[in-house]
Amino acid sequence: MNEFKNRMVAQRQILELVNRKRRLKEELFGLSNKAIERWVSVNAADPSSHLVNLIKTASGKLFFLANKSQEQIFEDYRTTSQEIAKLTDAIATELG
């Protein structure tokens, strides 16, 4: 259960950081590929921007964690969790 909570906290933190930007037409509602594509399209964001790439990378790593059992891949799980924390910091920096 703790792993699930950590994933949800990480996702919520990323969404809150991205949605803090006041000039958005629409908030980012999730970290699925479709949600990110919609957010990019509606907000006329550059799909190849550093911010979008950071969000997509974080999304992929969260997906990895969601589909693996901690017991089977403890070291990969821990490393990926640390990478997500660094990506979250990078997103915060990118957003100012």
Side-chain angles (χ1 to χ4, degrees):
M1 183 64 155
N2 194 30
E3 306 86 36
F4 175 75
K5 223 183 216 182
N6 291 340
R7 287 193 310 271
M8 296 308 296
V9 167
Q11 180 171 333
R12 191 174 302 121
Q13 186 177 18
I14 291 168
L15 292 173
E16 286 174 359
L17 284 169
V18 172
N19 291 332
R20 258 191 228 160
K21 238 179 170 178
R22 301 280 187 241
R23 53 192 157 103
L24 296 174
K25 291 181 183 175
E26 184 175 291
E27 291 186 342
L28 179 60
F29 296 117
L31 293 178
S32 69
N33 286 334
K34 292 289 185 190
I36 295 168
E37 287 173 9
R38 176 182 170 87
W39 178 79
V40 166
S41 176
V42 168
N43 291 296
D46 178 2
S48 63
S49 72
H50 186 59
L51 176 61
V52 173
N53 287 329
L54 288 170
I55 294 168
K56 286 181 177 181
T57 301
S59 169
K61 293 194 180 291
L62 284 164
F63 181 77
F64 169 81
L65 292 182
N67 288 299
K68 301 295 178 188
S69 166
Q70 184 177 8
E71 297 88 29
Q72 294 172 347
I73 53 140
F74 178 73
E75 204 53 43
D76 287 343
Y77 193 97
R78 189 167 55 111
T79 301
T80 303
S81 293
Q82 292 168 347
E83 291 171 353
I84 291 168
K86 289 178 185 175
L87 286 164
T88 302
D89 290 342
I91 290 169
T93 300
E94 186 71 21
L95 291 168

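In this structure, Asn19 contributes its side chain and Glu27 its backbone to no donor-acceptor pair below 3.5 Å. Of the possible donor and acceptor atoms, none in the side chain of Ser41 sits under 3.5 Å from a partner among the backbone N and O of Glu37. A donor-acceptor contact shorter than 3.5 Å is absent between the side chain of Ser59 and the backbone of Ile55. With Asn43 contributing its side chain and Ala45 its backbone, the two residues share no donor-acceptor pair below 3.5 Å.
Clustering ILVMFWY residues whenever any of their side-chain heavy atoms sit less than 4.5 angstrom apart, transitively, puts Leu31 in the very cluster that holds Leu24. When the side chains of ILVMFWY residues are joined at heavy-atom separations under 4.5 Å, either directly or via intervening members, Phe29 and Leu62 end up in two distinct hydrophobic clusters.
A distance of 10.5 Å separates OG1 in Thr88 from CD in Gln11, rounded to the nearest 0.5 Å. Expressed to the nearest 0.5 Å, how far CZ of Phe63 lies from OG1 of Thr80 amounts to 13.0 Å. Here CZ of Arg12 is found 13.0 Å from CG of Leu17. Values are rounded to the nearest 0.5 Å. Atom NZ of Lys86 and atom OG of Ser81 lie 12.0 Å apart (nearest 0.5 Å). Atoms OG and CZ, from Ser32 and Arg38 in turn, are 11.0 Å apart once rounded to the nearest 0.5 Å.
The two residues Ala35 and Leu28 have their closest heavy-atom pair at O-CD1, 3.7 Å. Across every non-hydrogen atom of Gly30 and Ile36, the tightest pair is O-CG1, 4.2 Å. Glu94 and Leu54 get closest at one heavy-atom pair: CB-CD1, 4.2 Å. Heavy atoms only, all atoms of each residue included: Ile14 and Ala58 are closest at CD1-CB, 3.7 Å.
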(request) Show your working on side chain to side chain contact (heavy atoms under 4.5 Å, CB included) between Asp46 and Leu51 and close with a plain yes or no. (result) CA-CA 9 Å; Asp46 178 2; Leu51 176 61; over 6 Å; no
(request) Could you check Arg20 against Leu95 for side chain to side chain contact (heavy atoms under 4.5 Å, CB included), going step by step and ending with a plain yes or no? (result) CA-CA 9 Å; Arg20 258 191 228 160; Leu95 291 168; over 6 Å; no
